[in-house]
There are 2 protein chains.
Amino acid sequence: MDTSEPSPTSRGSYRVYTPESLGAAIRHYRTEAGLSQTQLAEMAGLNRTYLSNLESGKETEQVRRILRVLRQLGVRITLDKADW
Amino acid sequence: MDTSEPSPTSRGSYRVYTPESLGAAIRHYRTEAGLSQTQLAEMAGLNRTYLSNLESGKETEQVRRILRVLRQLGVRITLDKADW
DNA sequence: TTCGGATGTGTCCATATCCAGACATGGTAA
DNA sequence: TTACCATGTCTGGATATGGACACATCCGAA
């Protein structure tokens, strides 16, 4: 199992390649914001169980599908904080 | 109907805010690559109908959910070509 | 120690959603 | 014109998936 942090780029942004790396990035930004899963789930109108699974990269076949499309196109996905 | 291009940034990358903008970006990169929906769907192991809907931003409640989470966290999503 | 918060994880179930297939339309080439 | 391709869109059905809820674990505070 990969317990490392999601690899940030030189400017603190995150590359997304897999559902797992997407989940890791979400978890990073959530904890950075000082929010619990319960709080963020409420803010986003989601179930906490879903958010837990999302952060773990589980049960996200849909995400995997979309990432497959983008990978085939050679498109890179980058996440970063808007207020930088 | 919106026939405009998805708004590119100064460096040719695309910001994703909604399922619609995600779909528009995918369509842009697909046509740029000279691929038909059928071709890309086969390459990615998907149904063409799904890809058509994905590019139109339809039936993507899952994407909308995840985008809600990222928006609440103030996280920005950028797509760009890896070979630039 | 106990207590509470945070998180992971399991089950059940209603429903969203993907796929297959068909059909219509618009464009283009012969 | 006909023929073909790309795309949008609809239906039906099988399945994936999210929500609700419960429970266990871990950890820090009191």
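Below, read A as the first sequence line, B as the second, and so on, with proteins coming before strands; counting in each chain starts at 1.
Proximity of a side-chain donor or acceptor of A:K58 to a complementary backbone N or O of A:P19 within less than 3.5 Å is not detected.
Between A:L46 and A:L40 there is no side-chain heavy-atom pair separated by less than 4.5 Å. Within the 4.5 Å cutoff, no side-chain heavy atoms of A:Q62 are placed close to those of B:I66. Using a 4.5 Å cut-off on side-chain heavy atoms (C-beta onward), A:Q39 and A:R48 make no contact. A:L35 has its side chain within reach of B:L73: a pair of non-hydrogen atoms, C-beta onward, lies under 4.5 Å apart. Using a 4.5 Å heavy-atom threshold, the side chains of B:R27 and B:S56 count as touching. Here the side chains of A:L79 and A:I26 are not in contact, with every heavy-atom distance at 4.5 Å or above.
A:K58 has its NZ atom 8 Å from the P atom of C:dG8, to the nearest Å. Distance CZ (B:R27) to C1' (D:dA6): 11 Å, rounded to an integer number of Å. Distance CD (A:E55) to C1' (C:dA6): 11 Å, rounded to an integer number of Å. Whole-Å rounding puts the A:Q62 CD to D:dT17 C1' distance at 7 Å. With rounding to whole Å, B:E61 atom CD is found 13 Å from D:dG19 atom C1'. The CG atom of B:L54 sits 11 Å away from the P atom of D:dG8 (whole-angstrom rounding). Per the geometry, CG belonging to A:N53 stands 11 Å off C1' belonging to C:dT7, to the nearest Å. Counting to the nearest Å, the C1' atom of D:dT7 and the CD1 atom of B:I26 are 16 Å from each other.
For A:S56, whose side chain is taken as the heavy atoms from C-beta onward, the closest listed nucleotide among C:dT17, D:dG8, C:dG8 is C:dG8.
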Give me, pair by pair, the N or O atoms of the protein and of nucleotides 24-30 of chain D that are less than 3.5 Å apart, along with how far apart they are.
none

Quick one: which protein N/O atoms are closer than 3.5 Å to N/O atoms of nucleotides 20-28 of chain C? Pair and distance per line, please.
residue	atom	partner	partner atom	Å
C:dA20	OP2	B:N47	ND2	3.0
C:dA20	N7	B:N47	ND2	3.4
C:dG21	O6	B:T49	OG1	3.0

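Nearest heavy-atom pair across B:D80 and B:Y29 is CA-OH, 3.4 Å. When every heavy atom of A:A41 is checked against every heavy atom of A:L51, the shortest pair comes out as N-CD2, 3.8 Å.
Ring-plane geometry between A:H28 and A:Y14 is classed as tilted, the angle between the planes lying from 30 to 60 degrees on a 0 to 90 degree scale.
Neither OP1 nor OP2 of D:dT17 sits under 4.0 Å from any side-chain N or O of A:R64.
A residue-by-residue look at B:L51 and B:R65 shows that B:L51 has its nearest nucleotide of DNA chain D further toward the 5' end.
Counting only N and O atoms by type, the side chains of A:T18 and A:S21 include a donor and acceptor under 3.5 Å apart.
Within residues 35-45 of chain B, the residues that place at least one heavy atom under 4.0 Å from DNA chain D are, in residue-number order, B:S36, B:Q37.
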